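Per chain, numbering begins at 1; letters A, B, ... match sequence-line order. All values below were derived from every heavy atom in this structure, side-chain atoms included, with hydrogens, water molecules and symmetry-related copies excluded. On a predicted model such as this, the values are computed, not experimentally measured, just so you know.
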Amino acid sequence: MSNQELVKILYEMAVLLEIKEVAFKPQAYERAAYSIESFGEDVAEIYKKGGLKALEDIPGVGQGIAERIEEYIKTGRIADYEKLKKEFPVDISGLMEIEGVGPKMVKKLYQELGIKNASELEMAAKAGKLEKLEGLGEKSEERILKSISFLRQSQGRFVLGFILPTVRKIVDSLRALPEVKRAEFAGSIRRMQETVGDLDILVISNKPSKVMDFFMKMPEVQEIIAKGQTKTSVRLNIGMDADVRVLPPESFGAALQYFTGDKYHNIALREIAIKKGYKLNEYGLFKGEKLIAGKTEEEIYKKLGMELMEPELRTNHGEIEAALTGKLPKLIGYDDLKGDLQVQTDWTDGENSIKEMAEAAKKQGLEYILITDHTKSLAMTGGLDEKKLMKQMVEIDKVQKQVSGIKILKGSEVNINKDGTLDIDEETLAKLDVVGAAVHSNFNMPEADMTARIIRAMENPNVDILFHPTGRIIKRREPYKLDMDKVIKAAKRTKTVLEIDAFPDRLDLKDEHARKAVGDGVKLAIDSDAHSAGHFKFLEFGIAQARRGWAEKKDVINTRPWEEMLRSLK
DNA sequence: GCCGTTTTCGGCCCGACTGTTTTCAGTCG
């Protein structure tokens, strides 16, 4: 059993209870599902170690849900879920991800038309059956058809690193309008999540309609979805939806807060507001009718007894408690990296020479890079063998003399063989400044074998860093099966550094694993995995990932000058 | 069903927009 399967069941139970119009339980199940989803620890493992009591320590999980999780772990099923499912034998998850379809719609579709999944819904919509239902019309039908086809082509989420340049361009054009006093993006993009669903832009202006008119006519806009006094929604030509909201200055901080925190952060905040006798919404913090804070985020958090926290933290994973008690982490900053420890060149699958990469890195403000070309068993990249590695070291010395202001370190991205040995001999590895090791083959091993394989590599005294530890590629490849708890423990024991690969669709380690590693005193490296001179800018996304993992400057070895960084390695 | 520096019982986040029901339910974030 995996967390993922359990989370899906809990979410579906929430929807099914909502359909049955049961009060309050849906939110309870939803909260538990969300909590487990982002918990980062295997629930089965927690249960094995601490039983029911340990399950109940998970936020949002109480006695009832803990017992159902136990039932699921023991029997592979949850009787209540199956009972609900019998009443509504429909593909809840598949239907709910269609925009505009909620619990009530699922119910109506099934009861009136017997629709059980997205493709049946599509057929019914195409046959014009939906518009005959009460409460639905021609437009609802069109909208559903559109949502289904959109979902099919986009899978709904966008990789942050790939869309952020467009987002910044849009916001900059809005800022350039004379009617616009201020414009900021909020939402999951401001939180710098690895993938994002849509774009929220907040604007201060006295002339909302002018801003809206300009926005709707931007070249990046494909079609208008909704248009109102203060809010306009469009679909951008990159496939993503974008909302613009225009606000008065006195509410801007409140709106920024409201649209930046994730759902659960905001719920928690509003509950704290209520307890203090206030009301919090996107227009401000109110005592009765009176606005008492709203101009800046800081004053809102302050009135609620909290320090201002970085947007990346606002997901209700302990940041509120930390802010209330003055224990927020001092996150690594976006300018804190001095070096990049994973850089490919044209010696293997990179596009640029050692010199070009060094110069590009210097331009990016870095003080050093580590050259880490692939090794021989990765034949498709022309991986280096011992002889070529020695030759490359000579070449690096040569290039070093031709460039100034940037230190070029000698390294390698060594393949971890199936048995945990490496594909380069120890003698050669020992000559390198830094060795990164990575899995590039046999991805489909059983968890225990893969874990043992990686730990064996970490035990090698020459291996300094484990590169992209889980191998996942967002939207394309699942992580390999790996016991991260064991890997983190092994990293601690062997003093191996874990990498956050900053490539936009890798971001590997994930935030929750980074947080766990940092919590256990394991050091991180944030690397671009650059394959061309333009890739150093991806470091930003690795830093964001580290920040979402509560990492501080001291936790990341390449925030240090290169001599000091080298001394800190095993 | 969960949770507690008001509470172990009695609460549980809030507003905009759409479509279509002419007064509001459903969905979304």
Taking atom types as modelled, find out whether [X] and [Y] have a side-chain donor-acceptor pair closer than 3.5 angstrom.
X         : Y         : value
Tyr110(A) : Glu120(A) : no
Tyr334(A) : Glu540(A) : no
Glu282(A) : Ser251(A) : no
Glu56(A)  : Gln63(A)  : no
Arg245(A) : Tyr258(A) : no

Distance, rounded to the nearest Å, where [X] contributes [atom1] and [N] contributes [atom2]:
X         : N       : atom1 : atom2 : value
Leu136(A) : dA25(B) : CG    : C1'   : 12 Å
Ile65(A)  : dC3(B)  : CD1   : P     : 9 Å
Tyr34(A)  : dG1(B)  : OH    : P     : 23 Å
Leu269(A) : dC14(B) : CG    : P     : 12 Å
Glu99(A)  : dG26(B) : CD    : P     : 19 Å

- Message: Tell me whether Phe24(A) and dC12(B) count as stacked here, given that the ring centres must be under 5.5 Å apart and the planes must differ by less than 30 degrees.
- Response: yes

Is there a side-chain polar atom (N or O) of [X] under 4.0 Å from OP1 or OP2 of [N]?
X         : N       : answer
Arg143(A) : dT27(B) : no
Thr230(A) : dG15(B) : no
Lys231(A) : dA16(B) : no
Tyr29(A)  : dC12(B) : no
Lys279(A) : dG15(B) : yes

- Message: Using a heavy-atom cut-off of 4.0 Å across all strands, would you classify Ile98(A) as base, sugar-phosphate, or nothing?
- Response: sugar-phosphate

- Message: At 4.0 Å (heavy atoms only), tell me whether Pro26(A) reaches a base, stays on the sugar-phosphate, or touches nothing.
- Response: nothing

Nearest to the [X] side chain among [options], which nucleotide is it?
X         : options                   : value
Glu271(A) : dG29(B), dA16(B), dC12(B) : dC12(B)
Asn281(A) : dC2(B), dG15(B), dT20(B)  : dG15(B)
Arg31(A)  : dT27(B), dG29(B), dC2(B)  : dC2(B)
Glu282(A) : dT20(B), dG15(B), dG1(B)  : dG15(B)

- Task: Quick one: look up who dT8(B) pairs with, Watson-Crick or G-U, both distances under 3.5 Å, and put none if it's unpaired.
- Result: none

Given the [atom1] atoms of [N] and [M], what is the spacing between them in whole Å?
N       : M       : atom1 : value
dG15(B) : dG10(B) : C1'   : 26 Å
dG1(B)  : dT5(B)  : P     : 23 Å
dC28(B) : dT20(B) : P     : 16 Å
dG29(B) : dT23(B) : C1'   : 24 Å
dC14(B) : dT8(B)  : P     : 23 Å
dC12(B) : dA16(B) : C1'   : 22 Å

- Do Leu324(A) and Met306(A) touch side chain to side chain, with heavy atoms closer than 4.5 Å? yes

- Task: Would you kindly compare Ala66(A) and Met105(A) by the position of their nearest DNA chain B nucleotide and give the one closer to the 5′ end?
- Result: Ala66(A)

- Relative to the 5' end of DNA chain B, which residue comes earlier, Phe259(A) or Glu56(A), by the nucleotide with the nearest heavy atom? Glu56(A)

- Item | Worked check of salt bridge (Lys or Arg N to Asp or Glu O under 4.0 Å) between Asp262(A) and Arg191(A) | CA-CA 9 Å; Asp262(A) 86 345; Arg191(A) 292 199 307 276; 5.1 Å; no

- Task: Classify the side chain of Tyr258(A) versus the base of dG29(B) as yes if they form a donor-acceptor pair under 3.5 Å and no if they do not.
- Result: yes

